[in-house]
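Shown next, in structure tokens, is the structure this report addresses.
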Amino acid sequence: MSHDHFTLPYEGGLIEKDLPKGVLHSYEKVWTHIYDDAFPASEALADVIVDAIKSTEGRLFRLGLTTGRTPLPLYNELARRHAAGEVSFRNVEVVSIDEYYPTDPDGLKSRNHQLHEALLDKVDILEENIHIPDGRVPRSEITEYNVRFDKIARGLDMLVVGIGELGQVGFNEAGSQAKDRTRVVRLSHNSRKRQASNFKYDMSATPAMAITMGLSTMFSAKKIVLMAWGEDKAAAVKTIAEGEPTTACPASLLQNHDNISFYVDQNAASQLTRIVAPWLIGPCDWTRKLVRSAVVWLCQTVGKPILKLTEKDYLDNALDELLEKFGPYDKINIDVFNDLQHTITGWPGGKPAADDSTRPVPARPYPKTVLIFSPHPDDDVISMGGTFIRLASQGHNVHVAYETSGNVAVHDDVVLQHMDAAFQLGFADKFDEVKALVDSKVPGEPEPRKLLEIKGAIRRSEARGAVRSFGLNDNTNAHFLNLPFYESGGIKKKPRTQADVDIIKDLLNDLKPHMIFMAGDLADPHGTHRVCTEAALEAVEQLREEGCPWIAETHIWLYRGAWMEWELGRVDMAVPLSPDEVIKKRHAIFRHLSQKDIVPFPGEDPREFWQRAEDRTQNTARLYDALGMAEYQAIEVFLKLC
């Protein structure tokens, strides 16, 4: 499929061709290799591993590996190459870096099981060459066991590991020391919350301890390769590659290794200097958006609005090339000010009968048919509720497509409360029956289908209520697609297939929208938001290839979720919200009661969704204000994909 791996449009940047490697990596203490997404990065890394294996024929090649989501694309590629006869693992010894403790190695959630399932069972490695920490060792013997395992793990030919959002490597968390060897560690509450995703977010079933290879042991490897995919890893990548070594970011303590490299995708690399400020490194491809990004960066660096920037500000901050190409400086200031000003509109569907030459959306046709794709049943109001309000109130034919049921994100207590309410209202007494379904759940296993159906119904009713609050008909304008990939009954989803794409194509053909809004979150290559967006883009692409006449006039806009926002350099449309619209948006988010207060997996951010959304949009308004634009209560921003 052409949109299997979605990346953002190219918007200019460093011209790397013929640039000496020393210059390219001049800000990096760990040389970092950036790829469009995790899949070409994994292919390149597989080349490195396969070549290394082949170069050591006649002796064992000792390879350190990890589990989790990060290495999955790499393991799939290695398994594919083995199946194609391109590499054998018979002369490979694998040492895994960690395991839950205590745990049954055959348990479905053990690291042992995960590594076998992801790679080892798919290649011809000899069983005696597999070394994974044993979670069954009695506590009275674990210290001696760790000493023996550490001896096995030292001096690896290559160690290939992913890093966590806070720079964790293995179970070496914040506070880990460079001298640490293989040991048992107690998992912090936050770490257990992250690991709970492997145990259906049941903290009681999530191990409290783990065995992990220490940083000293890792440092003994002849070659270390780190991996990171997704924008949620960007801050950690910045620290590891460019920052000072710190125990707060354990992987940064590996910086001084003589042979260490980093493989990342564009999103994980988004905070590196050569991405954020490529003009500090070398010549640039100065697109319109890169010019804007440079000026916004300069404003934030010197603490001035756009129209107060001076020639000296440009020269003092390595923007002389920009002056040479587009100067003088005051012309650049005015051009960028106008460019950014023209992104702001109170008419996200286009203003009828108005001059639209400088507006982000054309006036015609009016009214427009607008389709908002919402991966979960609340992303529409959380991410773009204010724009949703504007589109509906300004007379456009607005539809919402809820791509997944969101059923696994409903707490059992919420289900029982709904059952009790139905009984109290005299409709039916199903409380005991549903309570039995809840009690029948097995930690780590898919939930009973009947229970999931109830949870899906709860989320549909909440979404319908939010749609009604905007004045839309919840029967005709709210579409619940229930894409099959999501319906695994657990956190781990099924692969996306053509069946998912066909459901979206049918809706698109039915509505023939002029504007499509969809999620642009790119944190996790396997995350629900990303899978939904890739399915929707694939549906659009297939309709184009099939010659649908209406699709040529359709424009796609990307919004962000509750955690991150588009950088101002990327923004194509900014929709200001009044104080009343902020309150109305908040009340729509409140309609999603099952996601309020006791959402099963809230993450590490203690704020509720409405608070995250308001903080994000109000911060965007402050950024516009600081650049010299008008002051607004809040602003929602969008990137135009096509």
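Everything numeric in this text was worked out from a predicted model, so none of it was measured. Because only heavy atoms are used, hydrogens play no part in the values below, and waters and symmetry mates are left out as well, while side chains stay in.
- A donor-acceptor pair under 3.5 Å is absent between the side-chain atoms of Arg459 and the main chain of Asn407, judged by distance alone.
- In this structure, Phe388 has its ring center closer than 6.0 angstrom to the ring center of Phe470.
- With sequence neighbours left out, the salt bridge (charged side-chain N to carboxylate O under 4.0 Å, His left out) criterion links Lys238 to Glu242.
- Comment: Arg570 engages Glu11 in a salt bridge, judged by a side-chain N to carboxylate O separation of less than 4.0 angstrom.
- Qualifying salt bridge (charged side-chain N to carboxylate O under 4.0 Å, His left out) partners for Lys430, counting only residues two or more places apart in sequence or in other chains: Glu433.
- Side-chain N/O atoms of Tyr402 and Asp380 include a donor and acceptor closer than 3.5 Å.
- A donor-acceptor pair is defined here as one N or O able to donate and one able to accept, closer than 3.5 Å; no such pair exists between the side chain of Ser594 and the backbone of Val410.
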In residues 575-585, what donor-acceptor pairs under 3.5 Å come from side-chain atoms, sequence neighbours left out?
{"residue": "Ser578", "atom": "OG", "partner": "Glu581", "partner atom": "N", "Å": "3.1"}
{"residue": "Ser578", "atom": "OG", "partner": "Glu581", "partner atom": "OE1", "Å": "3.4"}
{"residue": "Glu581", "atom": "OE1", "partner": "Arg390", "partner atom": "NE", "Å": "3.3"}
{"residue": "Glu581", "atom": "OE1", "partner": "Arg390", "partner atom": "NH2", "Å": "3.1"}
{"residue": "Glu581", "atom": "OE1", "partner": "Ser578", "partner atom": "N", "Å": "2.9"}
{"residue": "Glu581", "atom": "OE2", "partner": "Arg390", "partner atom": "NE", "Å": "2.5"}
{"residue": "Lys585", "atom": "NZ", "partner": "Ile382", "partner atom": "O", "Å": "3.3"}
{"residue": "Lys585", "atom": "NZ", "partner": "Glu636", "partner atom": "OE2", "Å": "2.7"}

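- Rounded to the nearest 0.5 angstrom, Leu568 CG and Ile635 CD1 are separated by 8.5 Å.
- Of the possible polar contacts, one joining the Asp500 side chain to the Phe485 backbone as a donor-acceptor pair under 3.5 Å is found.
- Contacts of Phe638 classified as ring-ring contact (aromatic ring centres under 6.0 Å, His included), with partners at least two apart in sequence or in another chain: Phe517.
- For the pair Lys596 and Phe609, the NZ or CZ position fails the cation-pi test of under 6.0 Å to the six-membered ring centre and within 45 degrees of the ring normal.
- A side-chain N or O of His529 and one of Asp521 form a donor-acceptor pair less than 3.5 Å apart.
- Ser461 places a side-chain N or O within 3.5 Å of a backbone atom of Ile458 that can act as its donor or acceptor partner.
- Atom CD1 in Ile34 sits 9.0 Å away from atom CG in Leu14 (nearest 0.5 Å).
- The minimum heavy-atom distance linking Leu472 with Ala392 is given by the pair CD2-CB, 4.1 Å.
- Side-chain contact, His479 with His399: a donor N or O sits under 3.5 Å from an acceptor N or O.
- Scanning all heavy atoms of the two residues, the minimum distance from Val381 to Ala466 falls at CG1-CB, 4.2 Å.
- A side-chain donor from one of Ser405 and Glu487 sits under 3.5 Å from a side-chain acceptor of the other.
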Next item on the list: List the steps and the verdict of side-chain contact (heavy atoms from CB on, under 4.5 Å) for Leu309 and Leu298.
Entry: CA-CA 8 Å; Leu309 294 173; Leu298 182 58; 3.9 Å; yes

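- Thr533 places a side-chain N or O within 3.5 Å of a backbone atom of Ala519 that can act as its donor or acceptor partner.
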Next item on the list: For the pair Glu608 and Arg612, evaluate salt bridge (charged side-chain N to carboxylate O under 4.0 Å, His left out) and give the outcome as yes or no after the intermediate values.
Entry: CA-CA 6 Å; Glu608 293 188 34; Arg612 301 177 197 179; over 6 Å; no

Next item on the list: Show your working on side-chain contact (heavy atoms from CB on, under 4.5 Å) between Met515 and Trp557 and close with a plain yes or no.
Entry: CA-CA 7 Å; Met515 297 181 74; Trp557 296 85; 3.4 Å; yes

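- Residue pairs meeting the ring pair (Phe, Tyr, Trp, His ring centres under 6.0 Å) criterion with at least one member in residues 565-586, sequence neighbours excluded, do not occur.
- Listed by first then second residue, pairs satisfying salt bridge (charged side-chain N to carboxylate O under 4.0 Å, His left out) with a partner in residues 336-365 read Arg288-Asp339, Arg292-Asp339, not counting sequence neighbours.
- Applying the salt bridge (charged side-chain N to carboxylate O under 4.0 Å, His left out) test to Arg464 and every residue at least two apart in sequence or in another chain returns Asp474.
- Between the side chain of Asp285 and the backbone N or O of Gly12 there is no donor-acceptor pair closer than 3.5 Å.
- Remark: the Tyr314 side chain and the Asn333 side chain contain an N/O donor-acceptor pair separated by less than 3.5 Å.
- Tyr366 has its ring centre less than 6.0 Å from the ring centre of His396.
- Here SG of Cys532 is found 7.0 Å from CD1 of Ile504. Values are rounded to the nearest 0.5 Å.
- A donor-acceptor contact shorter than 3.5 Å is absent between the side chain of Lys331 and the backbone of Pro328.
- In terms of modelled atom types and a separation under 3.5 Å, the side chain of Gln271 and the main chain of Glu231 share no donor-acceptor contact.
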Could you list the donor-acceptor pairs under 3.5 angstrom formed between side-chain atoms of residues 418-425 and any protein atom two or more places apart in sequence or on another chain?
{"residue": "His418", "atom": "ND1", "partner": "Val414", "partner atom": "O", "Å": "2.9"}
{"residue": "Asp420", "atom": "OD1", "partner": "Gln424", "partner atom": "NE2", "Å": "3.4"}

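- Every salt bridge (charged side-chain N to carboxylate O under 4.0 Å, His left out) that Glu565 has, sequence neighbours left out, goes to Arg616.
- Contacts of Tyr486 classified as ring-ring contact (aromatic ring centres under 6.0 Å, His included), with partners at least two apart in sequence or in another chain: none.
- Each salt bridge (charged side-chain N to carboxylate O under 4.0 Å, His left out) pair with one or both residues in residues 502-511, not counting sequence neighbours, appears once here: Lys505-Glu546.
- Minimum interatomic distance between Ser488 and Pro446 (heavy atoms only, all atoms of both residues): O-CB, 3.6 Å.
- There is no side-chain donor-acceptor pair under 3.5 Å between Tyr559 and Ser374.
- Qualifying side-chain contact (heavy atoms from CB on, under 4.5 Å) partners for Glu321, counting only residues two or more places apart in sequence or in other chains: Pro283, Cys284, Trp286, Lys325.
- Between Trp279 atom CH2 and Arg274 atom CZ the span is 14.5 Å, to the nearest 0.5 Å.
- Side-chain atoms of Gln498 and Gln542 form a donor-acceptor pair, as typed in the model, at a separation below 3.5 Å.
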